[in-house]
Colleague: 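Take this structure first; my questions come after.
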Amino acid sequence: MAAKIATLHMHIHFPGSDSLKAKRRRLLPLMERLRREFNVSVAEVDLRDKWADALVCCVLVNTEIGQAQRSLQKVVDWLEKHWPDVDLIGEEIEVLP
């Protein structure tokens, strides 16, 4: 059975962030928590020079497409419920062929 790679791109806004340093103080703990909670690889992939926004990508590998999509949807749900000091502007889950 072939492994499937699933990605989750999230556009996250940090209200009140007035510098890159302030954004990093909030973003880095969030990314570390996602790694621990969901066993995903996480990186800031765009908007690195924006003070209050980040494009974060989570990646995981699974043999079942449906399970991969459900796992990444749990990341989105968790972020919205347990990290209230950020705004999730948008998200997209994609399974690579």
Colleague: Step by step, work out the side chain to side chain contact (heavy atoms under 4.5 Å, CB included) result for I89 and I12.
Modeller: CA-CA 6 Å; I89 304 297; I12 299 172; over 6 Å; no
Colleague: How many angstroms lie between OG in S71 and CG in N39, if you round to the nearest 0.5 Å?
Modeller: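 Nearest 0.5 Å value for the OG-CG distance: 10.0 Å.
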Colleague: Show the nearest heavy-atom pair for residues L47 and H11, with the distance to one decimal.
Modeller: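 Where L47 meets H11 most closely, the heavy atoms are CD1-NE2, 3.7 Å.
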Colleague: How long is the gap from CD on E91 to CG on D77, to the nearest 0.5 Å?
Modeller: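 Nearest 0.5 Å value for the CD-CG distance: 8.5 Å.
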Colleague: Write down the atom of M10, the atom of C58, and the distance for their closest heavy-atom approach.
Modeller: CE-SG, 4.0 Å
Colleague: Given T7 and I93, is the side chain to side chain contact (heavy atoms under 4.5 Å, CB included) satisfied, shown in steps?
Modeller: CA-CA 6 Å; T7 64; I93 296 173; over 6 Å; no
Colleague: Which of parallel (below 30°), tilted (30 to 60°) and perpendicular (above 60°) describes F38 and W78?
Modeller: perpendicular
Colleague: Under the side chain to side chain contact (heavy atoms under 4.5 Å, CB included) criterion, do Q69 and V95 qualify, and how do the steps go?
Modeller: CA-CA 8 Å; Q69 290 171 320; V95 178; 3.7 Å; yes
Colleague: Is M31 reachable from V75 through a run of hydrophobic residues whose side-chain heavy atoms are each under 4.5 Å from the next?
Modeller: yes
Colleague: List for me each residue that meets side chain to side chain donor-acceptor pair (under 3.5 Å) alongside S17, sequence neighbours excluded, and say none if there are none.
Modeller: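 Partners of S17 under the side chain to side chain donor-acceptor pair (under 3.5 Å) test: none.
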Colleague: Output the distance between atom NZ (K74) and atom CG (L8), rounded to the nearest 0.5 Å.
Modeller: 14.0 Å
Colleague: Applying side chain to side chain donor-acceptor pair (under 3.5 Å), name anything that partners K23, two or more places apart in sequence or on another chain.
Modeller: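 Partners of K23 by the side chain to side chain donor-acceptor pair (under 3.5 Å) criterion, ordered by chain and then number, come out as E44.
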Colleague: Rounded to the nearest 0.5 Å, what separates atom CZ in F14 from atom CZ in R25?
Modeller: 12.0 Å
Colleague: With N62, which residues qualify under side chain to side chain donor-acceptor pair (under 3.5 Å), at least two apart?
Modeller: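 If we apply the side chain to side chain donor-acceptor pair (under 3.5 Å) test to N62, skipping adjacent residues, there are no hits.
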Colleague: Of all heavy-atom pairs between A3 and V61, which one has the smallest distance, and what is that distance?
Modeller: CB-CG1, 3.7 Å
Colleague: Please report the shortest heavy-atom distance between V42 and V56, naming the atom on each side.
Modeller: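 In terms of heavy atoms, the two residues are closest at CG1-CG1, 3.6 Å.
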Colleague: Enter the distance from L60:CG to I5:CD1 here, rounded to the nearest 0.5 Å.
Modeller: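 CD1 of I5 is found 10.0 Å from CG of L60.
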Colleague: With hydrophobic residues grouped by side-chain heavy-atom distances under 4.5 Å, do L79 and V59 end up in a single group?
Modeller: no
Colleague: For D85, is the CG atom crowded, meaning more than 12 foreign heavy atoms sit under 6.0 Å from it?
Modeller: yes
Colleague: Enter the distance from L30:CG to R24:CZ here, rounded to the nearest 0.5 Å.
Modeller: 13.0 Å
Colleague: Applying the 4.5 Å side-chain criterion to the ILVMFWY set and letting contacts propagate, would V45 and L34 be lumped into a single cluster?
Modeller: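 No.
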